[in-house]
Amino acid sequence: MLTLNQIRGNSDFVINRLKVKNFNASKIVLQIIDLDKKRRQIQADTNSLENDLNSFSKNIGLLFRQGKTDEANKLKENTIVLKKKIKELNQQLNDSNSLLDNLVVQLPNLPHESVPKGKSPEENIKIREGGTFPELKGKALPHWELAAKYKLIDFELGNKITGSGFPLYIGKGAKLQRALINFFIDENQSAGYEEVSPPLVVNEDSGFGTGQLPDKEGQMYHIALDNLYLIPTAEVPVTNIFRNMILEEKDFPVKKTAYTPCFRREAGSYGKDVRGLNRLHQFDKVEIVQIQHPEVSYNTLEEMVLQVESLLQKLNLPYRIMHLCGGDMSFASALTFDFEVYSAAQKKWLEVSSVSNFESFQANRLKLRFRDKNSKKLVLAHTLNGSALALPRLVAALLENNQTDEGIRIPEVLHDYTGFNQIS
RNA sequence: GGAGAGAUGGCCGAGUGGUCUAAGGCGCACGCCUGGAGAGCGUGUUACCGCCUAAAGCGGUACGAGGGUUCGAAUCCCUCUCUCUCCGCCA
């Protein structure tokens, strides 16, 4: 959520920046500025009346203690009108405040100045690519056929147990999941991220803190009886560790990594794009999160991009890094880099990671601040996160790209984790 | 699931209707003292909103959350949330 300070006095700037995200903010911004002015006037009036009431009360107490009951009772009469007026004004103030909140919450985060204009993923800009493309003999099988052939994943059984989008991993398929998770966490740990293992369900406040609520509730599984939500990503519980916190500058950088299953309702399209592991309701992901000083958060973003890149390099997968255009960015992000791996059989790029700087957008909702060393004032911190990495599509590419006549080769870095170097 | 107790500032903890922003202690910051450190002494130490160009200053709000009673609520009443203890059940 943007701060009122960001909007007040910068309305043109805000409106123009949001155009990059194809968001027409002019109407809302004007409403906000108007309402904010009104709200402040109401508050000034209310405060002054409350001040009057307080001094009346003090005097009444004083008179009672002096035994001047008649005078006190006379003063009491004065407070009746005052109280009624204050009550009305307070009602107005509350109304204005919640109206204002409702408006501000609708504004997406401002995109960073480097964000390219564009409406769709086609307009994302490739930063660089790496890894080597596989040279496959004969016809490459898609991962869902490989998964069936080698009995790694049973989509039908997942269907039977739960429904579509909930695969059952079996044998070496299951072991491969664990191997990847452990590999990623170990790598992130060596890069200075502390491992945490958070709750997989969160309350409403947490959902709001990272921006899933309100608006995007349809994307999360909701447990109505307890009003809790299944996490769509570890970002939610991990970032919410810092809700309502005041950090010191010496605490920076805060670096956490977490493995969690992720649950997404998202009723996507059907057909080829969602076959096999391409889109699931439940999947595994290792996340990295950083809390940083605003002055250096973009260096941190770069550092996180390199961390994710190193994972893909070690797995020896062909990948590319995309600078997302305004239209393809998430609501809360100021700058996002997507990582895609090439799937040899499907002949397309699959997104396996998204690394973003949210600047103070989440911090404002979370009330995550730090004390500035020089000014001694409280300042909103910057939050960043990225997948390092999400498993399903990575596994898809891994299976497809490494298939041979003898079986599927496992990347060397995983051998210690899997205990086998080939699936056959 | 049953019974009971509780929630006060960064932490501990006092406070059962008025001068309570809230005693006392710890911690922290600064100063004095010291060769240096410690002890000791002194001073300071919540956040949010509003007024003010800003600072200073002033006003308002907040004692788990929300509502109520009252001229006045940390204190009384109602609802909710959470924590702890005991019993039961249990991975």
Side-chain angles (χ1 to χ4, degrees), chain A residues 1-11 32-105 197 199-209 213 223-229 237 240-252 254 360 363-381:
Chain A
M1 167 165 83
L2 299 176
T3 63
L4 280 174
N5 271 336
Q6 275 174 298
I7 301 168
R8 228 185 260 155
N10 301 308
S11 52
I32 288 171
I33 288 176
D34 189 48
L35 198 57
D36 178 55
K37 213 178 279 173
K38 220 188 286 175
R39 174 200 128 242
R40 287 192 284 170
Q41 183 56 53
I42 296 171
Q43 169 152 2
D45 294 349
T46 313
N47 286 171
S48 124
L49 291 184
E50 281 169 336
N51 185 20
D52 293 349
L53 182 64
N54 285 342
S55 30
F56 272 125
S57 295
K58 261 178 206 155
N59 285 333
I60 289 169
L62 209 66
L63 291 173
F64 270 124
R65 259 169 289 131
Q66 291 169 349
K68 299 175 180 168
T69 320
D70 288 350
E71 273 183 64
N73 282 328
K74 215 167 173 185
L75 268 188
K76 269 198 204 178
E77 286 167 27
N78 290 330
T79 65
I80 296 171
V81 185
L82 211 50
K83 278 179 66 173
K84 203 174 147 210
K85 189 102 194 179
I86 288 172
K87 202 166 180 183
E88 277 168 26
L89 282 177
N90 261 323
Q91 187 58 49
Q92 283 181 36
L93 192 61
N94 285 340
D95 291 349
S96 307
N97 276 331
S98 55
L99 222 63
L100 200 56
D101 275 351
N102 285 338
L103 287 173
V104 175
V105 159
S197 182
L200 306 181
V201 288
V202 294
N203 58 29
E204 225 174 324
D205 285 346
S206 294
F208 180 82
L213 297 175
I223 303 158
L225 199 60
D226 301 298
N227 197 23
L228 297 172
Y229 296 85
N240 271 283
I241 293 171
F242 302 94
R243 175 150 46 87
N244 289 326
M245 265 198 192
I246 295 174
L247 301 174
E248 297 299 325
E249 282 198 28
K250 63 175 161 55
D251 297 330
F252 292 134
V254 175
S360 61
N364 187 32
R365 291 179 164 223
L366 294 160
K367 295 199 171 38
L368 163 54
R369 293 160 297 170
F370 69 96
R371 195 170 297 280
D372 184 86
K373 241 185 346 208
N374 301 319
S375 70
K376 303 282 177 216
K377 281 190 173 174
L378 293 179
V379 182
L380 292 171

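Naming: A, B, ... by sequence-line order, numbering from 1 per chain. Please read these numbers as outputs of a predicted model, since none were measured by experiment.
B:rC82: Watson-Crick or G-U partner is B:rG6, with both key distances under 3.5 Å. The nucleotide B:rC48 finds its pairing partner in B:rG60, both defining distances of the Watson-Crick or G-U wobble pair being shorter than 3.5 Å. In this structure, B:rG1 forms a base pair with B:rC87, meeting either the Watson-Crick or the G-U wobble geometry with both donor-acceptor distances under 3.5 Å. Using N1 to N3 plus N6-O4 or O6-N4 for Watson-Crick, or N1-O2 and O6-N3 for G-U wobble, each under 3.5 Å, B:rC11 pairs with B:rG25. Pairing partner, B:rU34: none, since no Watson-Crick or wobble contact has both distances short of 3.5 Å. Pair assignment for B:rU16: none, as no Watson-Crick or G-U wobble contacts are both less than 3.5 Å.
Between B:rG15 and B:rC76, the distance separating the two P atoms is 13 Å to the nearest Å. Straight-line distance between the C1' atoms of B:rA62 and B:rA55: roughly 26 Å, to the nearest whole Å. Taking atom P in both B:rG27 and B:rC12, the straight-line distance is 15 Å, to the nearest Å. The C1' atoms of B:rG9 and B:rA74 are separated by 13 Å, rounded to the nearest whole Å. For B:rG64 and B:rU16, the P atoms lie 15 Å apart once the distance is rounded to whole Å. Across B:rU75 and B:rA7, the matching P atoms stand 12 Å from one another, rounded to whole Å. For the P atoms, the distance linking B:rC58 with B:rA39 amounts to 35 Å, nearest Å. Atom name P, nucleotides B:rA73 and B:rU21: the rounded distance is 11 Å, in whole Å.
Residue pairs meeting the salt bridge (Lys or Arg N to Asp or Glu O under 4.0 Å) criterion with at least one member in residues 82-99 of chain A: none, sequence neighbours excluded. Residue pairs meeting the salt bridge (Lys or Arg N to Asp or Glu O under 4.0 Å) criterion with at least one member in residues 34-48 of chain A, sequence neighbours excluded, are A:Arg8-A:Asp36, A:Asp36-A:Arg39, A:Asp36-A:Arg40.
A donor-acceptor contact under 3.5 Å links the side chain of A:Asn47 to the base of B:rG59.
A donor-acceptor contact shorter than 3.5 Å is absent between the side chain of A:Ser360 and the backbone of A:Ala363. Remark: the backbone N or O of A:Ile246 is not paired with any side-chain donor or acceptor of A:Arg371 at under 3.5 angstrom.
When the P atom of B:rG67 is taken as reference, atom CD of A:Gln91 falls 10 Å away, rounded to whole Å. One atom, CE of A:Met245, and another, P of B:rG10, lie 13 Å apart when rounded to the nearest Å. Between A:Asn244 atom CG and B:rA62 atom P the separation is 18 Å, expressed in whole Å. Separating the CG atom of A:Asp205 from the P atom of B:rC82 is a distance of 12 Å, rounded to the nearest angstrom. Taking atom CG on A:Asp101 and atom P on B:rC49, their separation rounds to 12 Å, with Å as the unit. The interatomic distance linking A:Leu75 (CG) with B:rG72 (P) rounds to 13 Å, in whole Å. B:rC11 atom P lies 11 Å from atom CD1 of A:Ile246, rounded to whole Å. For A:Gln92 and B:rC49, the CD to P distance is 21 Å, given to the nearest whole Å.
The side chain of A:Arg371 lies closest to B:rU46 when the candidates are B:rU46, B:rG18, B:rC49. Minimum atom distance to the side chain of A:Asn54 is reached by B:rG60, of the listed B:rG68, B:rG60, B:rG18. Picking from B:rC48, B:rC71, B:rG59 the nucleotide with the shortest atom distance to the side chain of A:Leu378 gives B:rC48. Here B:rC49 is the nucleotide among B:rC49, B:rG18, B:rU61 with the atom lying nearest to any side-chain atom of A:Gln43.
In this structure, A:Asn5 and A:Asn10 approach most closely via the heavy-atom pair O-ND2, 3.6 Å. The two residues A:Phe252 and A:Ala381 come nearest to each other via the heavy atoms CZ-CB, 4.1 Å.
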**Asked** When you look at A:Asn90 and A:Glu50, which way does the side chain to side chain contact (heavy atoms under 4.5 Å, CB included) test go after all the steps?
**Response** CA-CA 10 Å; A:Asn90 261 323; A:Glu50 281 169 336; 3.5 Å; yes
**Request:** Could you encode protein contacts along nucleotides 51-56 of chain B as a string, one character per nucleotide from 5' to 3', using B for base contact, S for sugar-phosphate-only contact and - for no contact, with a heavy-atom cut-off of under 4.0 Å?
**Result:** S---S-
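Residues A:Thr79 and A:Arg8 each lie close to RNA chain B; by heavy-atom proximity, the contact nearer the 5' end of the strand is made by A:Arg8. Sequence order on RNA chain B of the closest nucleotides to A:Gly61 and A:Leu4 puts A:Gly61 first from the 5' end.
Remark: the A:Ser206 side chain and the A:Asn203 side chain contain an N/O donor-acceptor pair separated by less than 3.5 Å.
At least one side-chain heavy atom of A:Leu368 sits under 4.5 Å from a side-chain heavy atom of A:Leu247. Contact check for A:Thr69 versus A:Phe64: side-chain heavy atoms found under the 4.5 Å cut-off.
Within the structure, a side-chain polar atom (N or O) of A:Arg369 is placed less than 4.0 Å from OP1 or OP2 of B:rC48. Residue A:Lys83 has a polar side-chain atom (N or O) positioned under 4.0 Å from OP1 or OP2 of B:rG72.
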